[in-house]
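Input: a single structure, listed below in structure tokens.
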Amino acid sequence: MSASLTVTRIGHACQLIEIGGIRVLTDPWFTQTATYYQGEPVASTVESLGRVDALVVTHEHYDHCDLDALVAGGFDLGTPLIGPGTVAAIARDKGFRDVRVVEAWEAATVGDLTVTATPGEHGVHEVTFVIQAGGRTVFFGGDSLRVPELDTIPERFGPVDLAILPTNGLCIRPMDLRQVVMDAEEAAGLTAALKPTLAVPHHYAFHSGRLGDRMITKGDQDPRHYADAVARLAPEIDVRLVLPGTVVTVP
Amino acid sequence: MTKLPTAGTLRPARTETHTLDPVEVTVQDRDRTRPFLLLHGGGGVATMAGFADLLAERTHSRVLLPTHPGFSGTPKAEELTNVVELAKAYVALLEELDLTDVTVVGNSFGGWLAAEIALLESPRVSGAVIVDGVGIEVEGHAPTDVRGLSLAEIQSYSWHDPSKAPVAPAGGAGPSPDIAALIGYTGPVMADPTLAKRLGGLDLPVHVIWGESDGIVTPDYGRAFAAAIPLSKFTLLPRTGHLPQVETPEELLGALLDLGGEGERA
């Protein structure tokens with residue numbers, strides 16, 4: 001019998017994934033700046049997170065790698081932190097003592113937990129993750145573009161229980177509107193390939209402030225576009241649009 | 001390590017109990033509107049009040065329009081000796097009001113003030129709009145010195161079509177810059193030779209909007225203002241002079257809202 005699996009979105013791409021008794025925190029972001037807003041409540045402070053067994057970080061952008069907030073909040077810096085080399089260098093500099101570097105298709109283990117980096121593509125170097133324990137498999141898509149190799153995950157890892165994907169198709173205006181995150185349609189295509197039991201979108205409520213939304217970023221803030229696209233491409237897959245703080249149990 | 005504010009703490013949800021005798025109601029109040037702080041130029045608050053109405057009505061936003069201390073005969077604290085000190089006072093005002101995602105919009109001297117507010121790096125200010133601003137030094141494009149000019153001369157520099165200038169009420173001199181109040185902040189030179197260089201380190205988005213017929217500070221001066229700011233956009237308004245919010249307010253509003261190719265979703 002496989003372990004219980006729940007996911008609680010803390011905010012943006014920060015998720016608390018619990019497999020059996022193992023608690024994994026993804027892409028931490030707990031503060032805000034003049035041009036970075038979650039656009040939704042953040043469901044936990046660093047102090048009230050409780051025990052975290054592993055921290056996984058896809059890339060070093062502030063809204064995914066707010067390690068300063070973890071340090072300021074008294075987070076246990078002995079917690080294993082798993083991420084690509086670009087993140088590892090920053091994490092060590094911030095005082096994290098157990099940093100595991102993984103690049104695409106490399107794995108790290110923490111007790112019964114296995115975290116395998118899978119390919120990613122973004123404005124900077126990024127990986128995504130397959131997170132496994134207790135017979136359960138979770139795909140965590142960070143804020144990557146859709147990368148073709150990700151379609152092979154079920155072949156390599158077996159059935160996926162939960163897929164967490166970005167959906168806002170974020171474009172960077174000063175870079176001639178270069179797209180750096182998969183959009184709802186692309187995320188739905190990947191979902192159809194991964195065939196998870198449950199899919200949860202994230203990374204859509206974020207905004208850059210009034211002027212920043214017009215001059216820095218352009219993103220789709222409506223998660224229904226993803227749910228609609230999945231309903232069209234893979235109607236058998238269950239999609240949950242989740243407010244921060246809601247505990248979602250994956251059957 | 002930079003200590004950033006915890007998400008949500010700058011503009012917390014408030015719970016208040018209101019007594020509507022004999023009824024008491026407890027209300028949770030969450031406010032995520034995007035406020036504007038409008039900053040007038042030397043002509044005083046009257047040059048901005050009409051646009052404040054337009055902006056608030058069309059965007060359904062909260063619009064704050066302070067009278068700079070010392071203008072319109074208002075008291076001015078001795079500590080307010082320069083533009084940066086006034087900028088600090090306005091950031092303190094935003095703190096006092098618990099506002100975030102504030103867009104600061106300033107015309108002429110107010111544009112300089114908007115730039116100084118942006119440079120203070122308050123997490124409450126998410127962007128600035130500089131409309132025919134002054135304050136930087138641009139070689140070969142010195143602002144027109146209005147001191148000693150007649151009202152008619154000032155109007156010829158300030159308006160694309162001087163016949164559109166507001167008519168002075170009977171017996172009054174009509175709107176004209178309050179030079180004494182201005183100099184109280186800017187000093188007699190009315191520019192800061194360090195401003196352009198300091199703007200080079202700014203990482204906020206700034207929209208620079210200029211009247212094509214501005215004879216006080218020319219469009220080339222405006223282009224230099226935008227070029228001094230890394231994350232800036234420059235918009236030229238046709239048939240418009242130094243005071244777009246008075247001469248072509250709908251065009252100024254359109255420029256504010258059209259930026260990025262998306263309508264205001266208020």
Side-chain angles (χ1 to χ4, degrees), chain A residues 10-12 14 28-49 62-63 65-75 77 90 93-95 171-175 177 205-222 244-245, chain B residues 1-13 30 32-37 59 61 91 94 100-105 114 117-118 120-130 202-208 229-235 255-266:
Chain A
I10 305 299
H12 196 52
C14 184
W29 184 23
F30 292 91
T31 58
Q32 67 176 66
T33 75
T35 53
Y36 279 88
Y37 299 83
Q38 278 87 358
E40 58 191 358
V42 177
S44 174
T45 60
V46 171
E47 291 84 349
S48 57
L49 279 172
Y62 159 68
D63 56 320
C65 188
D66 189 6
L67 302 184
D68 285 340
L70 294 178
V71 172
F75 189 80
L77 301 185
I90 296 166
D93 185 53
K94 302 288 181 193
C171 296
I172 308 300
R173 294 178 186 275
M175 296 164 70
L177 280 173
F206 156 85
H207 67 91
S208 304
R210 187 196 163 278
L211 210 46
D213 282 351
R214 287 167 173 73
M215 291 181 57
I216 305 171
T217 55
K218 177 182 170 69
D220 177 2
Q221 296 186 338
D222 188 343
Chain B
M1 187 179 80
T2 319
K3 182 84 164 67
L4 295 170
T6 300
T9 56
L10 293 182
R11 209 174 192 186
R30 294 171 176 80
R32 289 291 178 272
T33 50
R34 292 173 158 178
F36 289 90
L37 176 65
T59 65
S61 301
V91 169
L94 303 180
T100 55
D101 199 352
V102 178
T103 304
V104 182
V105 183
I117 290 172
L120 292 175
E121 297 182 0
S122 165
R124 298 181 185 276
V125 175
S126 61
V129 182
I130 294 171
L202 186 65
D203 65 356
L204 280 186
V206 179
H207 190 187
V208 178
I229 301 166
L231 197 51
S232 66
K233 281 271 186 193
F234 182 77
T235 303
L256 278 173
L257 303 189
D258 287 352
L259 187 69
E262 287 162 47
E264 191 87 6
R265 289 189 297 173

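Naming: A, B, ... by sequence-line order, numbering from 1 per chain.
For the pair B:Leu259 and A:Leu211, the minimum side-chain heavy-atom distance is below 4.5 Å. Proximity of B:Thr235 to B:His207: side-chain heavy atoms (C-beta onward) are separated by under 4.5 Å at one or more points.
Contact of A:Tyr37 with chain B is made through the side chain alone, with heavy-atom distances under 4.5 Å. Heavy atoms of B:Thr6 lying under 4.5 Å from chain A belong to its backbone as well as its side chain. Looking at B:Ala13, there are no atoms closer than 4.5 Å to chain A (heavy atoms on both sides), in backbone or side chain. Of the two parts of B:Val102, neither the backbone nor the side chain holds a non-hydrogen atom closer than 4.5 Å to a non-hydrogen atom of chain A.
Using bins of under 30°, 30° to 60° and over 60° for the plane-to-plane angle, the ring pair A:Trp29/A:Tyr36 lands in the perpendicular bin.
Annotation: maximal heavy-atom pairing with chain B below 4.5 Å, among A:Val46, A:Val42, A:Thr31, occurs at A:Thr31.
With hydrogens and angles disregarded, no donor-acceptor distance shorter than 3.5 Å links the side chain of B:Thr33 to the backbone of B:Pro35.
Summarising the geometry, atom CG belonging to A:Leu70 is positioned 10.0 Å from atom CD belonging to A:Glu47; distances are rounded to the nearest 0.5 Å.
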